[in-house]
Amino acid sequence: MFAPLRMPVAGLSLVLAATFGPPGTAAGEPARTGDASYRAQALSLMQQMTRKQKVGQLFVIEVAGRDADIVSDEAKAVNQRLYGVDTPAQAIAKYQPGGVIYFTTRNGDDNIGSPDQVATLSNGLQRAARALPRRVPLQISVDQEGGALVARFGAATGATQMPGNMALGAGRSATDARRSAQVIGAELAAVGVTQDYAPVADVNVNPNNPVIGIRSVGSDPALVSDLVAAQVRGYHRGGVSAVAKHFPGHGDTGVDSHFGLPEVTHTRAQLEAIDLPPFRAAIAAGVDTIMTAHVVLPAIDPGVPATMSRRILTGLLRRELGFDGLIVTDALDMSGATATYPPDVAPVRALLAGADQLLIPPEMDTAFRAVLGAVRSGEISAKRLDRSVYRILLHKFRHGLFDDPFVDPATALRVVGASPHLVAAQSIADRTTTLVKNDAGLLPLASGPRDVLVAGWGVTTTQTLAAALATRGATTQVLESGTTPSTAAIDDAVAAAQDADLVVVTTNNAYAVDASTGQPTAAAAAQTRLVRALLATGTPVVVAAVRNPYDVASFPEAPTVVDTYGYTAGQVESLVRVLHGEVDPAGRLPVSIPGPDGTGELFELGHGLGF
């Protein structure tokens with residue numbers, strides 16, 4: 001092994017000053033109060049680090065278990081499979097990584113339980129990192145976007161469930177977007193999470209996008225830009241750093257990059273008009289980090305995933321957009337990366353492209369050896385390595401992690417799910433529900449008892465919906481039929497509807513299209529059959545699209561349609577409040593709705609009815 005290169009602090013400062021720009025600022029980045037001290041400390045610490053320690057800082061890894069030192073047999077088996085060690089603390093000691101990401105069920109990681117448990121885990125991981133020679137604290141990250149889809153801290157953890165991006169787009173309030181992010185950030189900070197992989201900055205212009213959808217604010221670049229910037233500021237106010245994702249834009253893809261490599265066919269002009277404005281807005285708002293997308297953008301770099309493209313990460317993001325914060329890859333074990341590049345190639349290519357942090361490589365030992373070998377051989381220059389390590393250390397100094405990375409588990413219990421947070425979540429949700437159609441004037445419902453059939457998608461969703469209706473005097477029957485209702489389930493629902501005064505049926509992606517055939521998916525076709533069968537009974541039907549708002553295009557004849565953009569308990573409560581006229585349906589469509597054949601426009605951007 002080569003000995004690490006050493007030089008006096010003054011000499012290293014001169015080298016890095018040339019690398020990073022004039023003293024006090026990084027190239028393309030405005031100076032910040034206190035940065036001179038942070039920069040000096042980062043430079044001094046880098047001088048003391050070995051090559052291996054620097055390479056370790058580039059990685060963000062997953063660990064299994066709910067405690068840093070004491071884990072279940074199941075978690076031990078996962079850690080052994082991934083890293084050849086038993087505990088999270090041992091994984092930290094082995095690789096000296098720059099960061100850890102929390103998960104719930106992925107790979108059996110099972111990191112997230114109660115707030116005090118997560119806080120204790122975070123403290124244990126930080127202690128493990130500080131026990132190492134250079135005492136570099138961890139960046140602890142999580143995907144907590146808000147809404148029902150990507151929320152690692154779900155309702156069972158006691159965390160406040162905010163309504164999510166597309167719901168915020170329907171509400172069109174930068175204040176609500178900022179407050180939502182601030183609540184999420186405050187609760188994450190309380191449990192020791194230092195960075196949230198949010199907000200999603202993708203502009204969802206493809207109704208058949210299989211992976212973004214309601215994770216996006218909407219299809220209007222200006223609206224997305226405004227609310228993304230507001231969320232960046234909110235996360236910072238809450239006490240965590242923000243990550244805008246997925247650069248250069250994942251909003252017009254027909255393939256999920258978890259399972260394949262999508263291609264975005266936008267021209268350079270479309271890229272400038274649609275995809276880049278939210279990232280520019282995030283940068284202007286002071287976003288700390290931008291996450292890459294595993295997508296191919298032929299207009300910039302044909303055939304090369306953005307994560308591995310120097311033209312996109314260095315040319316477009318660094319030079320043209322002027323971003324000098326951290327660039328983190330999306331997970332390197334996703335098919336969008338692994339299908340093209342082997343485990344020993346992907347991390348090296350991503351770093352050479354301009355990434356600073358490598359998120360969850362599929363084979364950690366292989367990835368670590370590959371990067372270390374590339375540094376030793378000169379394929380990754382010492383200057384290039386130091387540039388990324390400097391950004392990582394500077395980020396940690398700026399966010400106070402070197403001063404005190406620890407949190408109080410008792411405080412976490414008080415902050416997570418605090419009453420003011422729950423009130424904010426419900427009030428924001430109440431301003432997002434959208435009444436798309438009310439042709440028969442069914443809504444708001446007249447007061448009085450009634451027999452209501454609750455049918456459609458979602459075991460928890462239908463039960464929660466029925467319970468909320470029951471508190472308003474309804475006698476309810478629940479017939480949940482899953483994602484793909486069977487013929488028998490549809491027949492049962494039709495029979496029950498004939499004896500009911502009202503039907504409320506929930507749909508989830510009833511407009512989804514199979515990219516390989518261009519036809520509705522089996523689930524979408526079955527949900528559409530259910531809705532149409534219920535409409536044919538003659539009993540009044542309310543269709544509640546509880547995920548993507550495009551579902552109405554599959555049954556445009558339905559006279560009463562409401563969009564919630566998610567199915568948190570608060571969003572279901574807001575749906576029932578709207579049905580009864582307790583709140584006005586203030587939400588407006590943040591996307592346009594195409595016609596049933598995918599062409600034209602059934603409902604325009606901004607459409608929404610009131611009472």
Side-chain angles (χ1 to χ4, degrees), residues 28 145 165 197-206 209-213 215-225 227-229 231-232 242-258 260-285 287-332 334 336-337 340-341 346 349-359:
E145 297 173 4
N165 253 6
Y197 287 145
V200 172
D202 304 313
V203 181
N204 199 77
V205 294
N206 185 346
N209 193 320
V211 66
I212 301 301
R215 297 170 64 194
S216 165
V217 167
S219 62
D220 177 9
L223 177 63
V224 177
S225 297
L227 300 196
V228 162
Q231 288 180 81
V232 168
V243 179
K245 62 185 185 185
H246 309 80
F247 188 85
H250 210 313
D252 192 9
T253 56
V255 174
D256 185 341
S257 54
H258 292 85
L261 180 59
E263 183 175 273
V264 178
T265 58
H266 287 184
T267 66
R268 182 58 195 257
Q270 288 174 314
L271 184 72
E272 291 287 350
I274 298 170
D275 301 290
L276 295 184
F279 291 100
R280 293 185 187 276
I283 292 168
V287 74
D288 304 272
T289 306
I290 289 178
M291 178 181 283
T292 69
H294 301 323
V295 300
V296 172
L297 188 63
I300 302 293
D301 200 354
V304 182
T307 300
M308 318 297 175
S309 170
R310 182 169 175 80
R311 292 181 186 177
I312 291 174
L313 299 191
T314 298
L316 181 59
L317 181 54
R318 291 281 189 219
R319 294 174 182 163
E320 293 190 37
L321 272 63
F323 180 66
D324 199 55
L326 290 172
I327 298 177
V328 61
T329 70
D330 206 343
L332 290 176
M334 293 165 58
T340 312
Y341 298 97
R349 284 294 300 270
L351 288 167
L352 291 173
D356 301 301
Q357 294 180 299
L358 305 168
L359 178 61

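Across T307 and A293, no two heavy atoms sit closer than the pair OG1-O, 3.2 Å. Across all non-hydrogen atoms, the minimal contact from P248 to L297 is CG-CD2, 3.8 Å. Nearest heavy-atom pair across P305 and G303 is CD-O, 3.8 Å. Counting all heavy atoms, side chain and backbone alike, F279 lies closest to G249 at CE1-N, 4.1 Å. Shown here for A281 and S225, the closest heavy-atom pair between the two residues is CB-O, 3.6 Å. Of all the heavy atoms in K245 and Y197, the pair that sits closest is NZ-O, 2.7 Å.
Between Q231 and E145, every side-chain heavy-atom pair lies at or beyond the 4.5 Å cut-off. For the pair L326/D288, no side-chain contact is recorded, criterion being any heavy-atom separation below 4.5 Å from C-beta on. Counting heavy atoms from C-beta on, the side chains of V224 and P278 come closer than 4.5 Å. Residues L317 and I290 are in side-chain contact: their nearest non-hydrogen atoms beyond the backbone lie under 4.5 Å apart. Residues V217 and V200 have side chains not in contact (no heavy-atom distance under 4.5 Å, counting atoms from C-beta outward). Between L359 and L332, every side-chain heavy-atom pair lies at or beyond the 4.5 Å cut-off. Side-chain contact between T292 and H246 is absent, with no heavy-atom pair separated by less than 4.5 Å.
Tested against I212, the residues V205, N206, N165, D202 include a single side-chain contact (heavy atoms from CB on, under 4.5 Å) partner, D202.
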| Stepwise salt bridge (Lys or Arg N to Asp or Glu O under 4.0 Å) test for E272 and R280 | CA-CA 10 Å; E272 291 287 350; R280 293 185 187 276; 3.1 Å; yes
| query | Can you check side chain to side chain contact (heavy atoms under 4.5 Å, CB included) on L352 and R310, steps first, answer last? | reply | CA-CA 7 Å; L352 291 173; R310 182 169 175 80; over 6 Å; no
| Is there a side chain to side chain contact (heavy atoms under 4.5 Å, CB included) between I274 and H266 once you walk through the steps? | CA-CA 9 Å; I274 298 170; H266 287 184; 4.1 Å; yes
| task | For F247 and L316, run side chain to side chain contact (heavy atoms under 4.5 Å, CB included): C-alpha distance rounded to whole Å, both residues' side-chain angles, the deciding distance at 0.1 Å, then the answer. | result | CA-CA 10 Å; F247 188 85; L316 181 59; 3.8 Å; yes
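Note that CG of D356 is 8.5 Å distant from CG of D324, once rounded to the nearest 0.5 Å. To the nearest 0.5 Å, atoms CG (D252) and OG (S219) are separated by 11.0 Å.
The backbone N or O of H294 sits nowhere less than 3.5 Å from a side-chain atom of D330 that would complete a donor-acceptor pair. Side chain of T314 to backbone of A353: a donor-acceptor contact under 3.5 angstrom is found. The closest donor-acceptor contact from the side chain of Q270 to the backbone of T267 lies under 3.5 Å. Counting only distance, with no hydrogens or angles, the side chain of N204 and the backbone of G218 share no donor-acceptor pair below 3.5 Å.
Shown here are the side chain to side chain contact (heavy atoms under 4.5 Å, CB included) partners of A355, two or more places apart in sequence or in another chain: L313, I327, T329, A350. Judged as a side chain to side chain contact (heavy atoms under 4.5 Å, CB included), and not counting sequence neighbours, the contacts of S309 are D301, V304, R311, I312.
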